[in-house]
Amino acid sequence: MPLSLAEPEKELTIKKLGGTPEIRQHLENLGFTVGGTVKLINVLGENVIVKV
């Protein structure tokens, strides 16, 4: 499920990263890795704030 549809303040496990290879690499550089966890803090329109 996209992060924008997730329940706020719930810890989630990353199952898949989408996008081009460049975008996936950028996300991994930011700490988003398959098997890692994130917590949705807030949704602002199409943007999300997460804790990695």
Side-chain angles (χ1 to χ4, degrees):
M1 110 175 54
L3 282 175
S4 60
L5 299 178
E7 186 178 329
E9 297 299 321
K10 184 175 182 183
E11 193 167 281
L12 306 164
T13 301
I14 300 171
K15 300 286 186 183
K16 178 181 173 184
L17 292 174
T20 65
E22 293 84 10
I23 290 174
R24 288 193 305 269
Q25 183 62 51
H26 181 67
L27 291 171
E28 289 176 4
N29 291 341
L30 293 173
F32 292 86
T33 58
V34 174
T37 58
V38 296
K39 184 187 283 190
L40 180 64
I41 304 298
N42 200 354
V43 178
L44 304 168
E46 295 181 11
N47 300 310
V48 294
I49 298 173
V50 298
K51 179 179 178 183
V52 180

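Being a predicted model, the structure only gives us computed values, none of them experimental. Position 1 is the first residue of the sequence, and the numbers go up from there.
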Do L12 and M1 belong to the same hydrophobic cluster, where Ile, Leu, Val, Met, Phe, Trp and Tyr are linked whenever their side-chain heavy atoms lie under 4.5 Å apart, directly or via other members?
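No, separate clusters.
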Treating Ile, Leu, Val, Met, Phe, Trp and Tyr as nodes and any side-chain heavy-atom pair under 4.5 angstrom as an edge, say whether V52 and I41 lie in one connected cluster.
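Shared cluster, no.
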Can you pull out every side chain to side chain donor-acceptor pair (under 3.5 Å) where at least one residue sits in residues 25-39? Sequence neighbours excluded, please.
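Every pair satisfying side chain to side chain donor-acceptor pair (under 3.5 Å) with a residue in residues 25-39: Q25-N29.
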Quick one: side chains of residues 15-24, donor-acceptor pairs under 3.5 Å with protein atoms, not counting sequence neighbours, listed by atom name and distance.
{"from": "T20", "atom 1": "OG1", "to": "E22", "atom 2": "OE1", "distance (Å)": "3.3"}
{"from": "T20", "atom 1": "OG1", "to": "I23", "atom 2": "N", "distance (Å)": "3.2"}
{"from": "R24", "atom 1": "NH1", "to": "G19", "atom 2": "O", "distance (Å)": "2.4"}

Passes side-chain contact (heavy atoms from CB on, under 4.5 Å), I49 versus L44? Steps please.
CA-CA 8 Å; I49 298 173; L44 304 168; 3.8 Å; yes
Partner residues of V43 under the side chain to side chain contact (heavy atoms under 4.5 Å, CB included) criterion, sequence neighbours left out:
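Once residues adjacent in sequence are excluded, the partners of V43 under the side chain to side chain contact (heavy atoms under 4.5 Å, CB included) criterion are L40, V48.
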For E46, does the CD atom have more than 12 heavy-atom neighbours from other residues, nucleotides or ligands under 6.0 Å away?
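Result for CD/E46: open.
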